[in-house]
Amino acid sequence: MNSLTLIFAAACLFAIAYRCYGLFLANKVMNLRGERETPAVFCRDGHDYMPTNKYVLFGHHFAAIAAAGPLLGPVLAAQFGFLPGALWILIGAVLAGGVHDMVVLFASVRHKGKSISVIAEAEIGRGAGKVASVAVLFILILTLAGLCIAVVNAMFNSPWGTFTVFATMPIAMIMGIYMQKIRPGDIKGGSIIGVVLLALSIYAGPYVAADPTLAGLFTFSKKQLALILPAYGFAASTLPVWFLLVPRDYLSTYLKIGTIGALALGIVFVHPDLHMPAITPYFFGGGPIIPGAAFPFLFITIACGALSGFHAIIGTGTTPKMIANERDVLFVGYGAMLVEGFVAVMALIAACALLPTDYFAINAAPAAYAKLGLIPVNLPELSREVGEQVQGRPGGAVSLAVGMAYIFSSVPFMKSMMAYWYHFAIMFEAVFILTAVDAGTRVGRYLLQEMLGKIYAPFGDNGWTPGIILTSALFTSAWGYLVYTGDISTIWPLFGMSNQLLATCALIVGTTMLIRLGKAKYAWITAGPGLFMMPICMWAGYLNITRNFLPKGLYLLASLSVILMLLMAIVFIEAFRRWYALGKIDTMVADSYGDPVLALATEREDAVVPTSLEQ
């Protein structure tokens with residue numbers, strides 16, 4: 001199969017989905033209205049709550065949600081063949097991931113920008129909210145530690161990539177000061193400044209790496225980077241969003257979308273065939289990369305490109321506090337997810353464009369690859385051209401970089417630039433991931449403030465400086481410790497399962513809110529993918545425990561899996577009980593926006609506009 005077919009199918013499907021299904025969600029299901037004031041307006045504090053241009057906010061949101069998942073997940077899942085991954089990305093992004101992201105963003109905007117755990121408490125009950133708080137905090141710490149390890153592995157002893165990534169930080173500050181203080185609202189001018197400076201930093205990267213003095217300044221070990229990254233996360237969490245976080249994510253989006261766009265053009269120009277079969281013999285299990293079968297492991301391996309619980313953390317964290325117009329929920333929530341789905345398709349193509357023997361040689365551990373009886377075909381030449389040993393480098397990052405470099409260098413006038421494109425792809429992956437780390441750290445600070453605010457009220461005030469500093473330090477220390485003390489790659493199977501469990505939880509909470517808003521006839525939109533993923537996640541968790549963790553003596557990971565599954569089961573049971581209670585109510589009242597909602601027992605006394613549910 002030629003890669004152009006897959007690109008064309010993805011582009012058409014996502015465009016039609018946004019124009020039809022997205023507008024249906026906005027107009028019929030959520031009834032988004034521009035005249036409603038958003039939390040960014042009525043809670044504006046200039047620090048966390050700040051009305052933001054929708055294009056800038058799209059850049060921040062996309063940069064925050066698009067981490068390792070859409071890049072590495074499809075690469076690893078290519079073990080099953082290109083068809084299973086492609087179908088899950090295309091269908092999942094439209095019917096599950098896009099719906100999930102849009103609903104959680106809408107729910108948080110209606111709940112004054114609060115987190116998914118606070119929304120769960122309001123919509124389902126106090127017990128469910130407390131359980132969700134613990135589960136979300138655990139998942140977020142695990143996610144950020146895993147993401148940072150991926151960044152460390154991509155950047156250590158790489159002065160070119162480190163210089164370019166570090167350069168985005170002062171460039172973002174310059175953009176923030178320009179757009180906020182010097183020329184307020186001048187998005188075009190700030191974008192030009194940022195893009196020009198970013199282009200210069202990318203151009204200067206090879207020269208920095210070639211200069212012994214400059215290369216020494218930007219060459220760090222894994223331990224050094226493990227200290228630098230939490231320090232950056234602390235800064236991104238405590239500084240005002242307009243100064244570092246938003247402009248850096250917005251700037252990174254130019255690099256992300258620009259690179260993916262260039263990759264798409266490269267694929268169109270080169271139109272490589274997909275050498276990986278549509279379905280491989282490992283579809284039913286026994287593969288050298290993912291030992292389990294495609295069902296259920298495909299759905300937890302490809303996370304962010306189709307559906308991801310991490311998006312719920314961002315969608316109820318930084319982004320809802322910056323939505324200036326409720327109608328922007330469609331563009332920012334649903335639109336960014338579809339773009340991420342397209343990124344996942346590009347990553348899948350880059351992996352499947354390699355010969356299967358070379359793909360498995362890179363992604364399988366040497367001992368596992370030796371058992372396959374395969375011999376690499378083009379890999380020795382590719383290794384020589386990129387100047388590095390790439391065989392036996394599991395994890396997906398290296399094979400994606402090799403695949404991207406192979407496509408770019410296949411363009412006639414770029415045939416001698418294989419090494420350049422390989423190192424550029426490694427740097428691109430690091431930037432791609434790091435933007436999720438800064439936003440995720442800030443959201444973690446929000447969660448800690450909400451939890452500690454119930455013990456000591458000032459912590460609940462997002463403007464209280466001591467609380468901001470203390471919670472930021474605690475949270476960055478938690479995931480920073482995991483990064484510094486060792487390699488936690490063995491817990492990625494746990495992360496994949498827990499991430500999708502959180503997505504399932506967010507869909508179930510969103511369903512509860514839709515029912516309360518009198519939209520029960522549309523509840524299938526969120527309940528469908530939520531109920532589909534629930535048994536998949538539980539089954540994957542069970543298989544991880546019985547076939548992966550316990551046989552290897554990983555009792556801590558097995559215990560954490562059981563605890564997380566039990567916590568989420570409690571939330572699901574409480575949600576189903578809430579659905580039953582809401583189904584027995586036939587009276588509606590007006591909420592604070594004047595919109596009709598189901599009248600709960602405590603609300604009927606304060607009913608503003610009593611009506612029949614049928615009316």
Minimum heavy-atom distance [X]-[Y], with the two atoms named:
| X | Y | answer |
| --- | --- | --- |
| A312 | A506 | CB-CB, 3.9 Å |
| A347 | L71 | CB-O, 3.5 Å |
| I525 | V29 | CD1-CG2, 3.4 Å |
| M322 | L57 | O-CD2, 3.5 Å |
| V437 | C148 | CG1-SG, 3.6 Å |
| I139 | S498 | CD1-O, 3.5 Å |

Rounded to the nearest 0.5 Å, what's the gap from CG on L13 to OH on Y21? Could you check?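 These two atoms lie 12.5 Å from each other.
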Could you give the distance from OG (S308) to CD1 (I65), rounded to the nearest 0.5 Å?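 If we round to the nearest 0.5 Å, S308:OG and I65:CD1 are 8.0 Å apart.
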Between M565 and I545, does the side chain to side chain contact (heavy atoms under 4.5 Å, CB included) criterion hold? Intermediate values first, please. CA-CA 11 Å; M565 292 164 67; I545 294 169; 4.2 Å; yes
Taking only residues two or more places apart in sequence or in another chain, which ones pass side chain to side chain donor-acceptor pair (under 3.5 Å) with S133?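 Checked S133 against side chain to side chain donor-acceptor pair (under 3.5 Å); matches are S117.
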Contacts of E123 that satisfy side chain to side chain donor-acceptor pair (under 3.5 Å) - sequence neighbours left out: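 So E123 forms a side chain to side chain donor-acceptor pair (under 3.5 Å) with H111, R516.
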I'd like to check [X] versus [Y] (side-chain heavy atoms, cut-off strictly below 4.5 Å). Are they in contact?
| X | Y | answer |
| --- | --- | --- |
| M538 | F572 | yes |
| L137 | M451 | yes |
| V571 | I508 | no |
| K28 | K519 | no |
| V562 | S559 | no |
| V75 | N363 | yes |
| M102 | V329 | yes |

Side chain to side chain contact (heavy atoms under 4.5 Å, CB included) assessment of M346 paired with I7: CA-CA 8 Å; M346 296 298 102; I7 286 184; 3.5 Å; yes
Do K112 and Y49 meet the cation-pi criteria used here (NZ or CZ under 6.0 Å from the six-membered ring centre, within 45° of the axis)?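 So K112 doesn't make the cation-pi contact.
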Would you say [atom1] of [X] has more than 12 non-hydrogen atoms from neighbouring residues, nucleotides or ligands within 6.0 angstrom?
| X | atom1 | answer |
| --- | --- | --- |
| F576 | CZ | yes |
| K454 | NZ | yes |
| Y542 | OH | no |
| F8 | CZ | no |

Step through it carefully: locate the ring centre of F14, locate the ring centre of Y334, and say whether they are under 6.0 Å apart.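 No, ring centres 6.0 Å or more apart.
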Could you check whether F297 and F80 have their ring centres less than 6.0 Å apart?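 No.
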[X] and [Y]: side chain donor to acceptor below 3.5 Å:
| X | Y | answer |
| --- | --- | --- |
| S561 | N544 | no |
| T280 | Q79 | no |
| T511 | W579 | no |

Check the orientation of F295 and F299. Use parallel for under 30°, tilted for 30 to 60°, and perpendicular for over 60°.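 If you compare the ring of F295 with that of F299, the planes turn out perpendicular.
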Using 30° and 60° as the class boundaries, would you call the ring planes of F532 and W88 parallel, tilted or perpendicular?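 Ring orientation, 0 to 90° scale: tilted.
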Look only at the side chain of R445 and the backbone of S237, and say whether a donor-acceptor pair between them is shorter than 3.5 Å.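 Yes.
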Polar side-chain atom of S108 near backbone of K114 as donor-acceptor pair, under 3.5 Å: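 Yes.
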Positive for ring-ring contact (aromatic ring centres under 6.0 Å, His included) with F331, one of F62, F58, Y18: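 Output: one option passes, namely F58.
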Any ion pair linking E326 and R33 (charged N to carboxylate O, less than 4.0 Å)?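 Judged by the 4.0 Å cut-off on N to carboxylate O distance, R33 and E326 do not form a salt bridge.
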